Structures are given as structure tokens and as C-alpha cells.
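Written out below as C-alpha cells is the structure these notes cover.
In what follows, chains are A, B, ... by sequence order, proteins preceding strands, each numbered from 1. Since the structure is predicted, the reported quantities are computational estimates derived from the model, not experimental observations.
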Number of protein chains: 2
Amino acid sequence: MARPRKPLLSRERIVAAALALVDAEGLQAVSTRRLAAELGVSGPSLYNHFATKDDILDAAADTVIDRVDLSVFDDGTPWADALAAWARSYRAALAAHPHIVPFLAQGPGRRPAGLRQADAVFGAMVGAGWPPAHATRIGATMRYFVAGSALGSFARGFVDDPDAYDPRDYPHLGQAHLLAEHRRQVDDGAFDTGLRALIDGLGLLYAEVVAGA
Amino acid sequence: MARPRKPLLSRERIVAAALALVDAEGLQAVSTRRLAAELGVSGPSLYNHFATKDDILDAAADTVIDRVDLSVFDDGTPWADALAAWARSYRAALAAHPHIVPFLAQGPGRRPAGLRQADAVFGAMVGAGWPPAHATRIGATMRYFVAGSALGSFARGFVDDPDAYDPRDYPHLGQAHLLAEHRRQVDDGAFDTGLRALIDGLGLLYAEVVAGA
DNA sequence: ACCTGAACACCGTTCAAGT
DNA sequence: ACCTGAACACCGTTCAAGT
């Protein structure tokens, strides 16, 4: 049919279809031909709107990050509570699209939402009295923890096959295979415990660096 | 030449060559044909020793994790110091092979070293008096943080092209493009700050959960 | 400007054939 | 048992051709 009078595709439609496909069938289901088929066009058509396949996935990942709630950094919430609320919103945004997390992990790429996030955290921490160098590190630290927990949690977990390991090799993990079942609870618990420890630890540092001196 | 009298390949040789190739040229340089060429054989030969390409990369990743020093969990080091030493050794092991980190992030797969690690941490924390549920969470929390920081640090960082973002979009990150340059320092600082906060926060929790009650 | 089919240079993996 | 070349069913991407 060659060129239609009204474009069949748009960046928005492509990104939405890519994210839907990732959600439904996982990252490896996304090939340019498959994605194009999903959109009712042929493979090369996508290259009229994006330079590469990775750019498409970057844009999809950006829409995920863009749903993270940053309003707590702007509404007078105390810094420690704001960090905790942000971390929970961040985790929830990733949990809503677990299959794209491993792609996100491959590097920030060209994703403006990540920068907006870094900017909001940095501004709020400096506003709360943290020295700029600390503000940068705090934002990064929280990202590390949330990203790491998302990977550990949502990326497929421990081997489900109990025969995969001999309990004698892991004296303390006698029922380790149960972890596959109870994984979600372990992960949620670890996230809560770690988040609390991080925030409390930063509170101690704040007393020393900002309130003290 | 068909079958040689002495095998040309072994799992060890394949894994070593795979890790060397990942280190030298990155994950995407590893194709079965390329890896086989590096070993002086043809592509399909690898399938006599591994079922899939991912199994090869899993084995390579396992050798990386296997270099993490777990001795601090067995030599009477106080639990908090042991956790910190382990985290630093873990980070150092990943930093030595930065290009394999994104693969590691795709899930634990079949990597016994990861289980040995979880077992050692769990055993030491329980030995220090932590309730088992907490011991599990602490191990996971630390893994989240180290893995997240490795991804944030070693996976290629912020966009290096200053034109990629308009400073007006990120009011607090005026010289954000400098982050590319100073990234290593920021990452190391964030790791130190985060690790300290985590350990200190866990210390508070310990006082409440174990020492108190 | 935006879509198409054909084509290029790859992939991971299977398999029959060789020793 | 362990290697080979040929083959299958794919890839991401380019490009000339069509409107």
C-alpha cells in the first residue's frame, strides 16, 4: 500500500505496543518484526519513527519511570518521609512492569524521566539542609537499593527445581527451595527492612552532618 | 577433522574464554560463533559441553560471584563489620568484571555461588542472634544494594553528550553533564554513604529486635 | 513523509555425518 | 564422545521503490 494518507504509526502507538508486549510476553518476545505485526505494519516501518529497537525500549522504560510520584519532594514532607514515599512509589512503578526491569538495568540510556527524578531528589535534599555532595549520594543510594530490589524481586527468582541443589552444600538453607514459593514475602520483607534501615541510618548521618557541627 | 583423540574443549576453557571475551568487548560480543572462533572450533561444538549460550554465561557469572570473600562470616568478625566487609568484597568482584553485571542482573539462574553466599550470610546473622526471618531479609537487602550500585556504577552511565538534555528541564542539576566525568567518584561516595547508613540502620534495628525485648 | 518487500549480515540451535 | 558443515528459523537494519 506504500504511504497511507494518514500515518499508520506514531511514536506513542509504538511505545504503548512495545510496553504491552513486554508486559504480556517478556523482553525476548519483542522483535521488530513481532512488534510491527502487533501494530499491523511491516518490520522496517518502525525505523521511520525510531532509530533503533533499543530506542523504542528506552522510550517504553521512560514511561514506566515517569509514573513514579515525585510530589512528596515538593509539598513540605520531611526529607526522610519523602525519601521513603518516593522509594515505595518507585518500587511500585517497577513492580507494575516487571519484565522491563532487566532492560532498565542495562543502563540509563536516553531516559529523561530518570534525570527528572535525580533532579527532584537532589533539590529536596539540599532544601532540607544536606550538603550537595551528600544530596547526590543519597539519591544514588536510594536508586541502588530500589533498582537492586526490583531485580532481585521481579527477575525470575531462585531455581524452582528442588533437585537443582543439594541441601548439604548449603547447611543453613535446608529448605531453600521453599524460597521460590515464599519469594514474594521474603522480597517484600527485605524491602521494608532495608528501606527502614537505610532511612534510619541516614537520620543518624543527618544528625551528625547537618544538625550537629 | 571430526573428533580429535584429545578433546579440544572443556567447560573450563569455554567459561574462561567467555569471561575474557565479555571483559574485553562486552556482552554483545559474545555469540556462539564468535566464542567458538576464539577457541579455535566451530560454533556447534559448544553444544557438546553446554546446553545453551545462557548456561555458558551463567557459569562465567558464577566464577565472578565465587571470588567474593565469605571468610568474614566464619572468623568471629562482629556481624556488622562482617556485612560491610562482605559488601565491599562483593562490589570489588563485580567491579573486576563490569560488563557481565547486566547479565547477572537478569536473574540468579543456575549459579551455585549465589546460594553459597546466601547461606553464609544467613548462618552468620542467625549466629549473631538475629531471628531467621530477619537474617534472610538482611542478606537480601545487602544484595539489593550491592547489585543496584554495581548496575548504577558500571553499566554505562549518564549520557555523555551534553546536548542530550536542556538544563532548564532539571533546575537543580545545572551541570549534570559533568556527572559523566565525575561518575566514578559519585558512585564510590554513594556506595560508602549508603553502606554506612544501611549498617548503622541495621544496628538500630538490632538493638530493638535482639538486644532489647 | 511514510510504508513496502527484498536483501544483508548476522543470530542460537539442531542434526546427520564423520572418526 | 566430540567435532564438523549444512540447514532452520529467526534476528536488527538498510535501501530502493512506491505513493
Nucleic acid contacts - residues 41-53 of chain A versus DNA chain D, non-hydrogen atoms under 4.0 Å: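 Going residue by residue through residues 41-53 of chain A, the ones with a heavy atom under 4.0 Å of DNA chain D turn out to be P44(A), Y47(A), T52(A), K53(A).
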
5′-ward residue of the pair T32(B)/L9(A) relative to DNA chain C: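 Looking at the nearest nucleotide for each, L9(A) comes out on the 5' side.
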
Show me the protein contacts with nucleotides 8-10 of chain D, counting only N or O atoms at under 3.5 Å.
none

What is the separation between atom [atom1] on [X] and atom [atom2] on [N], rounded to the nearest whole Å?
| X | N | atom1 | atom2 | value |
| --- | --- | --- | --- | --- |
| I14(A) | dC3(C) | CD1 | C1' | 12 Å |
| R5(B) | dT4(D) | CZ | P | 17 Å |
| K6(B) | dA1(D) | NZ | P | 17 Å |
| L8(B) | dT19(C) | CG | C1' | 13 Å |
| R34(B) | dT13(C) | CZ | P | 18 Å |
| I56(A) | dG12(D) | CD1 | C1' | 11 Å |
| D55(B) | dG12(C) | CG | P | 14 Å |

Between F145(B) and F191(B), ring centroids under 6.0 Å: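 Ring centres of F191(B) and F145(B) closer than 6.0 Å.
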
Check: V41(A) main-chain N/O paired with S45(A) side-chain donor or acceptor under 3.5 Å: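 Side chain of S45(A) to backbone of V41(A), a donor-acceptor pair under 3.5 Å: no, none is there.
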
Geometric cation-pi criterion R11(B) and F50(B), 6.0 Å radius, 45° cone: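 Yes, R11(B) lies over the aromatic ring of F50(B).
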
Salt bridge [X]-[Y], side-chain N to carboxylate O under 4.0 Å:
| X | Y | result |
| --- | --- | --- |
| R196(A) | D200(A) | yes |
| D66(B) | R111(B) | no |
| D62(B) | R67(B) | no |

With sequence neighbours excluded, residues passing side-chain contact (heavy atoms from CB on, under 4.5 Å) with T77(A):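 T77(A) satisfies side-chain contact (heavy atoms from CB on, under 4.5 Å) with V72(A), D75(A), D81(A), A82(A) only.
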
By side-chain contact (heavy atoms from CB on, under 4.5 Å) - contacts of A190(B) (at least two apart):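 Result, side-chain contact (heavy atoms from CB on, under 4.5 Å) vs A190(B): R137(A), A140(A), T141(A), Y144(A).
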
Which nucleotides of DNA chain D pair, in dot-bracket form (Watson-Crick or G-U under 3.5 Å, | meaning another strand): ||.|||||...|||||.||

Distance-minimising heavy-atom pair for L151(A) and A105(A):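 Looking at all heavy atoms of both residues, the shortest contact is CD1-CB, 3.9 Å.
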
Residue pairs passing the ring pair (Phe, Tyr, Trp, His ring centres under 6.0 Å) test where at least one lies in residues 83-107 of chain A, sequence neighbours excluded: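 Residue pairs passing ring pair (Phe, Tyr, Trp, His ring centres under 6.0 Å), neighbours aside: F73(A)-W86(A), W86(A)-Y90(A).
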
Non-hydrogen side-chain atoms of R88(A) and L195(A) separated by less than 4.5 Å: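 Contact flag for R88(A)/L195(A) side chains = yes.
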
